[in-house]
Amino acid sequence: MSNIIEINNNSTDVLQIFALLSEPQLLHYFEPDLGLFIAESPKVIERALNAGYEPYTLLMEQKDIDGQMNELLPRCGEVPVYIADFDKIAEITGFKLIRGALCAFRRKTLAPAEELCKNARRIAVLENVVNPTNIGAIFRSAAALNMDAVLLTPACSDPLYRRSSRVSMGTVFQIPWTYLAGNSDYPQQLREMGFRTAAMALSDDSVSIDAPELRSIEKLAVVLGTEGEGLADKTVAECDYTVKIPMSHGVDSLNVAAASAVAFWQLGR
């Protein structure tokens, strides 16, 4: 049975977690142990639970106890569930904080890249993608369009940040992912794992994304770069292929999230 608590101005623990602490502060909440992340909306919370993440505390509108969260609350055990109506929560926190429900989950240890990709045929690799919205959109495309895993350089935004997981519709909990050991020299690490690498970039020696040789590669890593500047020159030089998406009307590039969907569809089949 859930531990239902009505939120008030003295609910310091829940106010700290859901309204006052930044995402990096939540990441280090139990330091030196792993910290917390926040999942927003019943759909995202459900997918986090399905992936085995442990809930820590919840905040929701009172109406959702018998509404959208009715079937999920029994799966959360005895963790505190703070409730109030929407206007009361906004008054106490100072924010229009919730869209249905929020759940703080404990983080899990990430698997090393070698273990995660041992049986993968197609993976996405993100280099320094810093916008949480783009991260979430890329994960949603990766999960839907045949990527077996996602690897991120350490400078990427965290896929478990609240906006990322929300934009992804919870698919960050459905596709395996982890961080690479460093921001540079990872093409060689991927090669040692058996992958050929395809850098999504514009250059004179780019091949078209529909080139037949790309489809025939047994293990392929699709490498996408940061917003604005794209992939580092060093990364492009070290990848096996430089791949471009043919475009019209004089357009020379796509947003990285849009480009990822095109690349995953074409190269993931």
Side-chain angles (χ1 to χ4, degrees), residues 22-24 27 37 110 113 116-117 120 122-145 147-169 171-172 175-191 193 195-209 214 220-247 250-268:
S22 67
E23 302 268 21
L27 175 64
F37 68 89
L110 296 173
L116 203 69
C117 297
R122 292 291 185 270
I123 64 172
V125 182
L126 309 185
E127 180 181 284
N128 305 349
V129 179
V130 297
N131 186 306
T133 299
N134 283 335
I135 290 286
I138 292 169
F139 265 79
R140 190 172 183 183
S141 294
L145 301 173
M147 294 294 107
D148 299 314
V150 180
L151 304 181
L152 306 95
T153 61
C156 283
S157 181
D158 189 338
L160 296 185
Y161 280 175
R162 178 176 163 186
R163 178 173 291 184
S164 295
S165 63
R166 183 181 75 234
V167 170
S168 82
M169 292 297 292
T171 56
V172 294
I175 184 168
W177 64 272
T178 195
Y179 283 101
L180 291 156
N183 280 324
S184 62
D185 299 324
Y186 64 83
Q188 179 58 32
Q189 181 183 354
L190 295 169
R191 198 167 290 115
M193 292 161 54
F195 288 92
R196 305 294 295 277
T197 48
M200 300 301 299
L202 297 172
S203 70
D204 293 338
D205 59 351
S206 293
V207 298
S208 176
I209 196 170
L214 296 175
L220 182 66
V222 182
V223 186
L224 297 122
T226 185
E227 299 88 349
E229 297 179 4
L231 291 169
D233 292 341
K234 182 175 184 292
T235 300
V236 175
E238 291 181 355
C239 284
D240 298 302
Y241 298 92
T242 306
V243 179
K244 66 181 177 181
I245 300 169
M247 301 183 197
V251 177
D252 64 358
S253 65
L254 295 174
N255 166 273
V256 65
S260 74
V262 176
F264 300 159
W265 164 250
Q266 179 64 32
L267 300 175

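Predicted model, so just to flag it, every value in this text is computed and none were measured.
Going from atom CD of E23 over to atom CG of L160 covers 9.5 Å, rounded to the nearest 0.5 Å. Here the CG atom belonging to L190 is positioned 12.5 Å from the CZ atom belonging to R196, to the nearest 0.5 angstrom. Residue S260 holds its OG atom at 11.5 Å from CG of L267, rounded to the nearest 0.5 Å. Taking SG from C239 and CE from M200, the interatomic distance works out to 11.0 Å, rounded to the nearest 0.5 Å.
The shortest distance between side-chain heavy atoms of L180 and V125 falls below 4.5 Å. Side-chain contact between Y161 and P24 is present, with at least one heavy-atom pair separated by less than 4.5 Å. Between R191 and D240, some side-chain heavy-atom pair lies under the 4.5 Å cut-off.
For A120, the side chain to side chain contact (heavy atoms under 4.5 Å, CB included) partners at least two apart in sequence or on another chain are C117, I123, D148, F195. In this structure S206 satisfies the side chain to side chain contact (heavy atoms under 4.5 Å, CB included) test together with S203, T242, K244, sequence neighbours excluded.
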Legend entry - CA sep, side-chain torsions, deciding dist, call: F264, L224, side-chain contact (heavy atoms from CB on, under 4.5 Å): CA-CA 11 Å; F264 300 159; L224 297 122; 3.9 Å; yes

Inset, instruction - Show the numbers, then the answer: is there a side-chain contact (heavy atoms from CB on, under 4.5 Å) between D185 and K234? - result: CA-CA 9 Å; D185 299 324; K234 182 175 184 292; 2.7 Å; yes

Inset, instruction - Mind running side-chain contact (heavy atoms from CB on, under 4.5 Å) on D158 and Y179 for me, showing each step along the way? - result: CA-CA 9 Å; D158 189 338; Y179 283 101; 3.8 Å; yes

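The minimum heavy-atom distance linking R122 with G268 is given by the pair CG-CA, 4.1 Å. Across all non-hydrogen atoms, the minimal contact from V222 to A263 is CG1-CB, 4.0 Å. Annotation for L116 and P176: closest pair CD1-CB, 3.4 Å, computed over non-hydrogen atoms. In this structure, Q189 and A181 approach most closely via the heavy-atom pair OE1-N, 4.4 Å. The two residues A199 and L231 make their nearest non-hydrogen contact at CB-CD1, 3.5 Å. Between A155 and V130 the shortest heavy-atom distance is O-CG1, 3.7 Å.
Here the rule is side-chain hydrogen bond (donor to acceptor under 3.5 Å, both in side chains) with T153, and of N128, T235, T226 only N128 fits it. Remark: of the listed residues L151, T197, V223, V223 is the sole one forming a side-chain contact (heavy atoms from CB on, under 4.5 Å) with Y186.
Remark: the backbone N or O of A232 is paired with a side-chain donor or acceptor of E127 at under 3.5 angstrom. Put simply, the side chain of W177 never gets that close to the backbone of L152: no donor and acceptor are under 3.5 Å apart.
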Please tabulate, for side-chain N and O atoms in residues 132-142, each donor-acceptor pair with protein atoms closer than 3.5 Å (sequence neighbours left out).
| residue | atom | partner | partner atom | Å |
| --- | --- | --- | --- | --- |
| N134 | OD1 | N255 | ND2 | 3.4 |
| N134 | ND2 | E227 | OE2 | 3.0 |
| S141 | OG | A137 | O | 3.4 |

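Heavy atoms from other residues, nucleotides or ligands lying under 6.0 Å from CZ of R163 number 12 at most.
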